[in-house]
Amino acid sequence: RRSSGPRCIALVGPYLSGKTTLLEAILFRTGATQRQGKISDKSTIGDASPEARAHGMSVELNVATTDYMGERYTFLDCPGSIEFNQDIGSALVGCDAAVVVCEADEKKVPGLQLILKRLDEIGMPRFIFINKIDNTATTPHQVLEFLQPASSKPLVLRQLPIWYNGIVSGFVDLALERGFVYREHADSQVIEIPADMQPAEKAERFAMLEKLADHDDELMEQLLTDMEPPRDRVFADLARELAEGLVTPVLFGSAEHGNGVGRLLKALRHEVPAVAAVKARLGLKTEAGATAQILKTFHTAHGGKLSIARVLGGELADGAVLYGANGQDARVAGVFSMLGSTPAKLAKAQAGDTVALGRLEKINTSETVSSQKGATKQLATPALAPGVYGVAVSVTDRKDEVKLTSSITKLIEEDTTLALEHNA
């Protein structure tokens, strides 16, 4: 039986692999936006800050919540550039799974290896999404050959591309045994598997089932006796082995054109475990009242401080008092769902929800908070990387010293790798 309830999914990957474009495609496909935003014309929901727009890249976490087939999903689009490594570490702690976005480019494998190693360290289930499939002549098989050494888990190819005039025009789903043709920014259309692809489809499906059977004796027995395993069993194995970190499924598509996005969403819906798995991973056995993990802090121009929180247990409503690592208390001034930089007020948040909590003034990123009075047991405290670059700033008018210090304090709350030292 598949998991249900709100999910939190991280989009991670090397610099410029197309994570923000994938987020835009997901938001458009799920109806959260009326058109798919583009980085080139500065119309994206994510990367809305002047800095991100000027650089044409993510300079902080993008958070967006959407509904898909009656369930709520929050996507955390993590910056790919190495300068924002700390943001990723704090955010991943509360996620159910990661989608690792990459290109069919062997030169980018070292960066990918670091990301996969980090996911291994925290025991995070992950999919690999090979993006920009429309701009490559490299086959997924060739991609798997150079990706597999970067992954400690066996890579399981879930789709076989359908080529037309040298371009990937669709795919065969190896679990469903169906063919699909891409349509621009729309659901793929089901087709018969082309006759010339049927032998390759049989061989690739068997290779997928063999990898799953390494962890399922009954499935192995069925394969050895040439029995066709029930489709339900195949999907159950895919979900279980993903959740247990035994395999890494590989999907592909083109985020820019919305190709492969529907298949990815269905895989997330059917195979990603719910918040109970995050609680187990973090060691949260029982909770009285509400417990949440702070994944990121933002200071907004008009709404003040917002703390992005994954609710691990209980319910959170406006006005709730939460207690942090040292027993310090803060009152929630609003519970919000986020769509990029736009908050939408909610009545309350339940276990599994990822929300923004207003004005938790004494609560920091990576802190675990609880509605139970007293010091809250901390579930995850990522090590802070030491600073590697220093810059001196000063004011021309001494009256501005308080303003400068206040502004830098807010920056440090947003980016925990920054530090301030007063040096006369």
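Along the sequence shown, residues are numbered consecutively beginning with 1. Everything numeric here is computed off the predicted structure, so don't read it as measured data.
Under a cut-off of 6.0 angstrom, the local environment of CD in Gln34 is sparse, with at most 12 non-hydrogen atoms contributed by other residues, nucleotides or ligands. Within a 6.0 Å sphere centred on CD of Glu221, other residues, nucleotides and ligands contribute 12 heavy atoms or fewer. For Glu121, the CD atom counts as densely surrounded, since its 6.0 Å shell holds more than 12 non-hydrogen atoms of other residues, nucleotides or ligands. Annotation for Lys266: atom NZ does not count as buried by contact number, only 12 or fewer foreign heavy atoms lying within 6.0 Å. The number of heavy atoms from other shown groups lying within 6.0 Å of CG (Asp196) is above 12.
Side-chain contact check for Leu157 versus Leu144: some heavy-atom pair is nearer than 4.5 Å. In this structure, the side chains of Leu242 and Pro249 come closer than 4.5 Å at one or more pairs of heavy atoms. Glu83 has its side chain out of reach of Val59: every pair of non-hydrogen atoms, C-beta onward, lies at least 4.5 Å apart. Contact check for Phe298 versus Ile308: side-chain heavy atoms found under the 4.5 Å cut-off. Between Val278 and Leu312 the shortest side-chain heavy-atom distance falls below 4.5 Å. Within the 4.5 Å cutoff, no side-chain heavy atoms of Val311 are placed close to those of Gln350. Two residues are said to be in side-chain contact when any heavy atoms from C-beta on lie closer than 4.5 Å; Leu119 and Val100 meet this criterion. Annotation: side chain of Phe127 is not in contact with side chain of Ile9 (no heavy-atom distance under 4.5 Å).
Not one N or O on the side chain of Asn62 forms a donor-acceptor pair closer than 3.5 Å with the backbone of Gly46. Without hydrogens or angle criteria, Gln142 side chain to Thr139 main chain gives a donor-acceptor distance under 3.5 Å. For the pair Lys19 (side chain) and Gly13 (backbone), a donor-acceptor distance under 3.5 Å is present. A donor-acceptor pair is defined here as one N or O able to donate and one able to accept, closer than 3.5 Å; such a pair exists between the side chain of Arg7 and the backbone of Val272. For the pair Thr376 (side chain) and Tyr323 (backbone), a donor-acceptor distance under 3.5 Å is present. For Gln328 (side chain) and Lys362 (main-chain N/O), a donor-acceptor pair under 3.5 Å exists by modelled atom type. Panel note: side chain Asp87, backbone Phe84; no donor-acceptor pair is recorded below 3.5 Å. No donor-acceptor pair closer than 3.5 Å links the side chain of Asn131 to the backbone N or O of Phe252. With Thr291 contributing its side chain and Gly313 its backbone, the two residues share no donor-acceptor pair below 3.5 Å. Put simply, the side chain of Gln86 gets close to the backbone of Ala383: a donor and an acceptor are under 3.5 Å apart.
Listed by chain and residue number, Val109, Gln113, Leu116 satisfy the side-chain contact (heavy atoms from CB on, under 4.5 Å) test with Ala150 (two or more places apart in sequence, or in another chain). Considering only residues two or more places apart in sequence or on other chains, Asp216 meets the salt bridge (Lys or Arg N to Asp or Glu O under 4.0 Å) condition with Arg233. Contacts of His185 classified as side chain to side chain donor-acceptor pair (under 3.5 Å), with partners at least two apart in sequence or in another chain: Gln36. Looking at residues two or more places apart in sequence or on another chain, you find a side-chain contact (heavy atoms from CB on, under 4.5 Å) between Thr248 and Arg126, Ile128, Ser151, Lys153, Leu155.
With rounding to the nearest 0.5 angstrom, the CG atom of Leu418 is 15.5 Å from the NZ atom of Lys410. The OG1 atom of Thr365 lies 10.0 Å from the CD atom of Gln293; values are rounded to the nearest 0.5 Å. His55 contributes atom NE2, which lies 14.0 Å from atom CD1 of Ile39 (distance to the nearest 0.5 angstrom). Separating the CG atom in Leu61 from the CG atom in Asp77 is a distance of 7.5 Å, to the nearest 0.5 Å. Between Thr66 atom OG1 and Leu27 atom CG the span is 6.0 Å, to the nearest 0.5 Å. We find the CG-OG distance between Leu384 and Ser90 to be 8.0 Å, quoted to the nearest 0.5 Å.
When each of Val63, Ile45, Thr74 is tested with Met338 by the rule side chain to side chain contact (heavy atoms under 4.5 Å, CB included), just one qualifies, namely Val63.
Within the structure, ring-ring contact (aromatic ring centres under 6.0 Å, His included) pairs that include any residue of residues 141-178 comprise Phe171-Phe180, Phe171-Tyr182 (at least two apart or interchain). Sorted by first and then second residue, the salt bridge (charged side-chain N to carboxylate O under 4.0 Å, His left out) pairs involving residues 42-55 (not counting sequence neighbours) form an empty list.
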Does the pair Glu24 and Lys38 meet the rule for a salt bridge (Lys or Arg N to Asp or Glu O under 4.0 Å), with working shown? CA-CA 8 Å; Glu24 296 298 319; Lys38 292 183 179 179; over 6 Å; no

Between Val99 and Leu22, does a side chain to side chain contact (heavy atoms under 4.5 Å, CB included) hold up when you go through it step by step? CA-CA 10 Å; Val99 176; Leu22 179 60; 4.3 Å; yes

Could you go through the salt bridge (Lys or Arg N to Asp or Glu O under 4.0 Å) check for Glu256 and Lys132 one step at a time? CA-CA 8 Å; Glu256 185 179 358; Lys132 307 179 188 179; over 6 Å; no

Test side chain to side chain contact (heavy atoms under 4.5 Å, CB included) applied to Val250 and Val156, step by step: CA-CA 6 Å; Val250 178; Val156 176; over 6 Å; no

Between Arg240 and Asp237, does a salt bridge (Lys or Arg N to Asp or Glu O under 4.0 Å) hold up when you go through it step by step? CA-CA 5 Å; Arg240 178 181 62 80; Asp237 271 1; 3.6 Å; yes

Go through the steps for Val143 and Cys102 under the test side chain to side chain contact (heavy atoms under 4.5 Å, CB included), then give the verdict. CA-CA 10 Å; Val143 177; Cys102 67; 5.5 Å; no

What verdict does the salt bridge (Lys or Arg N to Asp or Glu O under 4.0 Å) test give for Arg158 and Asp173, after you've listed the backbone C-alpha separation in whole Å, the side-chain angles of each residue and the deciding distance to 0.1 Å? CA-CA 6 Å; Arg158 294 282 300 274; Asp173 187 304; 5.3 Å; no

Thr417 vs Ile412, side chain to side chain contact (heavy atoms under 4.5 Å, CB included): CA-CA, chis, key distance, verdict: CA-CA 7 Å; Thr417 56; Ile412 290 169; over 6 Å; no

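A salt bridge does not link Arg310 with Asp353: every distance from a Lys NZ or Arg NE/NH1/NH2 to an Asp or Glu carboxylate oxygen is 4.0 Å or more. We find that Asp187 and Arg29 are joined by a salt bridge, their nearest charged nitrogen and carboxylate oxygen being less than 4.0 Å apart.
Phe206 does not carry Lys202 over the face of its six-membered ring by the limits of under 6.0 Å from the centre and within 45° of the normal.
In summary, the side chains of Ser254 and Asp134 do present a donor paired with an acceptor at a separation below 3.5 Å, with no hydrogens or angles considered. There is no side-chain donor-acceptor pair under 3.5 Å between Glu241 and His215.
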